[in-house]
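Structure first, then comments.
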Amino acid sequence: MAQIFTTPSSMRQWARQQHGQKRRVGLVPTMGALHLGHMALVREAQRHAERVVVSIFVNPLQFGPQEDLARYPQTPEDDLKLLDEFGVDAVFMPSVEEMYPLGPSLTRVSLERLASVLCGKSRPGHFQGVATVVAKLFHIVEPDTALFGQKDWQQLVIIRRLVADLNFPVEIIGVPTVREANGLAISSRNRYLSPADTSRAASLYRALRGALAAYQSGTRGREEIRRQVADSLSLSGIEAEYVEVVDPRTLEPSPEMLSGQTLVAVAARVGKARLIDNILLGQD
Ligand code: AMP
């Protein structure tokens, strides 16, 4: 059975005990409503550390006033069952009051331009909230390694930069996106989708695969790739919030003629859910 901690001090004490016994500690930060995507992070964590901590915390700081904080799915009993099945050692599930005893933090990690491109355009303050809570989790758990999904590519880039800029002694590992059989990236927010929306949502990845196929058969025009994805989405009745073709490390727009690795990222509203996905071109 996983040990459950609800206060930063008890969590830190346990993690320090593990370190005292020369065990590496891996951290998987989540917002709960756990699924097999999260579990891929857990499995990878277990390959890199002797002890794995999963945090479950729906962080108010990263939700905008019009976003889904109040209805974000919370399934703590199912989560704990799944974590036990996967042999997780500790779960950190603090209340909002434990994490922010003085009220919403006045100290926040800002990320300049990285936080204002892609999803940052429509979610002002989101990545500042993410980076702030991740910095807090790193101070609380003091992990040797922390794992993040490539589904949230911008988040992964931001966390790597946070760690480099602020000298956190944490190794960051990105884990490939886990998908449903129809290609849809698994997400806690997929619960908001009706069955019809679910099959429509699969066209996000289909459009991205189309971009990869075009790239592999020699297309190098950035706009051509971008337009192809946007057209393919609108054929499925999806109007994208954005389709962007960027450098996967800096998130800056790719040159007009693509060279080297390129990330194609999309965000779109499908039914009641805002979904994101991405694909890497030129991986070989
Ligand atoms: P969340 O609970 O949605 O904040 O996600 C917690 C972590 O799990 C983040 O690092 C996500 O990128 C990662 N994650 C969520 N869904 C998937 C997925 N389908 N495949 C891989 N990682 C995922």
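For the numbers below, each heavy atom of this structure counts, side chains included, while hydrogens, waters and symmetry mates do not. Indexing begins at 1, ligand by ligand and atom by atom, following the structure's order. The model shown is predicted, which means the values in this text are computed figures rather than measured ones. Residue indices begin at 1 and follow the sequence shown.
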Requested in this report: Would you check the N or O atoms of M31, main chain and side chain alike, for any that come under 3.5 Å of an N or O of ligand 1?
Outcome: yes
Query raised in the report: Of all the non-hydrogen atoms in the protein, which one sits nearest to atom 12 (O) of ligand 1, and at what distance?
Result: D152 OD2, 2.5 Å
Query raised in the report: Does any non-hydrogen side-chain atom of R113 lie less than 4.5 Å from one of E252?
Result: yes
Query raised in the report: Would you say ligand 1 has an N or O under 3.5 Å from any N or O of K151?
Result: no
Report task. Give a yes or no on whether Q66 atom CD has more than 12 heavy-atom contacts from other residues, nucleotides or ligands under 6.0 Å away. Result -> no
Query raised in the report: Do L193 and L184 touch side chain to side chain, with heavy atoms closer than 4.5 Å?
Result: yes
Report summary line: Near P29 (heavy-atom distance under 4.0 Å), the atoms of ligand 1 are 6 (C), 7 (C)
Query raised in the report: Numbering the atoms of ligand 1 from 1, which are under 4.0 Å from a heavy atom of V178?
Result: 18 (C), 19 (N), 20 (N), 21 (C)
Query raised in the report: Any idea which part of P176 is under 4.0 Å from ligand 1, heavy-atom wise: side chain, backbone, both or neither?
Result: backbone
Query raised in the report: Does any N/O atom on A185 come nearer than 3.5 Å to any N/O atom on ligand 1?
Result: no
**Report entry** Per-atom contacts, ligand 1 versus F148 - under 4.0 Å to a heavy atom
**Finding:** 10 (O)
Report summary line: Atoms of ligand 1 under 4.0 Å from any heavy atom of G37, numbered from 1 in the order shown, are 17 (C), 18 (C), 19 (N), 20 (N), 21 (C), 22 (N)
Query raised in the report: To the nearest 0.1 Å, how far is atom 10 (O) of ligand 1 from its closest protein heavy atom, and which atom is that?
Result: G149 N, 2.9 Å
Report task. Check the pair L83, M39 against side chain to side chain contact (heavy atoms under 4.5 Å, CB included), reporting the backbone distance first and the verdict last. Result -> CA-CA 8 Å; L83 294 174; M39 293 306 121; 3.6 Å; yes
Query - Atoms of ligand 1 close to I186 [distance to a heavy atom under 4.0 angstrom, numbered from 1] - result: 16 (N), 17 (C), 18 (C), 19 (N)
Requested in this report: Looking only at non-hydrogen atoms, find the nearest pair between V25 and A49 and report the distance.
Outcome: C-CB, 3.8 Å
Query raised in the report: Near H35, which atoms of ligand 1 are under 4.0 Å from a heavy atom of that residue?
Result: 15 (C), 16 (N), 17 (C)
Query - Atom indices of ligand 1 within 4.0 angstrom of T177 heavy atoms, with elements - result: 20 (N), 21 (C)
Query - Check: N190 and H35 side chains under 4.5 Å, non-hydrogen atoms - result: no
Query raised in the report: Using heavy atoms and a threshold below 4.0 Å, how should the contact between L41 and ligand 1 be classified: side chain, backbone, both, or neither?
Result: side chain
Query raised in the report: Side chains of N59 and Y100: donor-acceptor distance under 3.5 Å anywhere?
Result: yes
Report summary line: min-distance protein heavy atom vs atom 1 (P) of ligand 1 -> H38 NE2, 3.6 Å
**Report entry** Test item: S55 and V141 side chains (from C-beta on) under 4.5 Å apart, heavy atoms
**Finding:** no
Report task. Report yes or no: is the cationic atom of R160 (NZ for Lys, CZ for Arg) under 6.0 Å from the centre of the six-membered ring of F148, at an angle within 45° of the ring normal? Result -> no
Query - Contacting atoms of ligand 1, where contact means under 4.0 angstrom from a heavy atom of Q155 - result: 9 (C), 10 (O)
Query raised in the report: Is it true that R179 and D277 make a salt bridge, defined as a side-chain N closer than 4.0 Å to a carboxylate O?
Result: yes
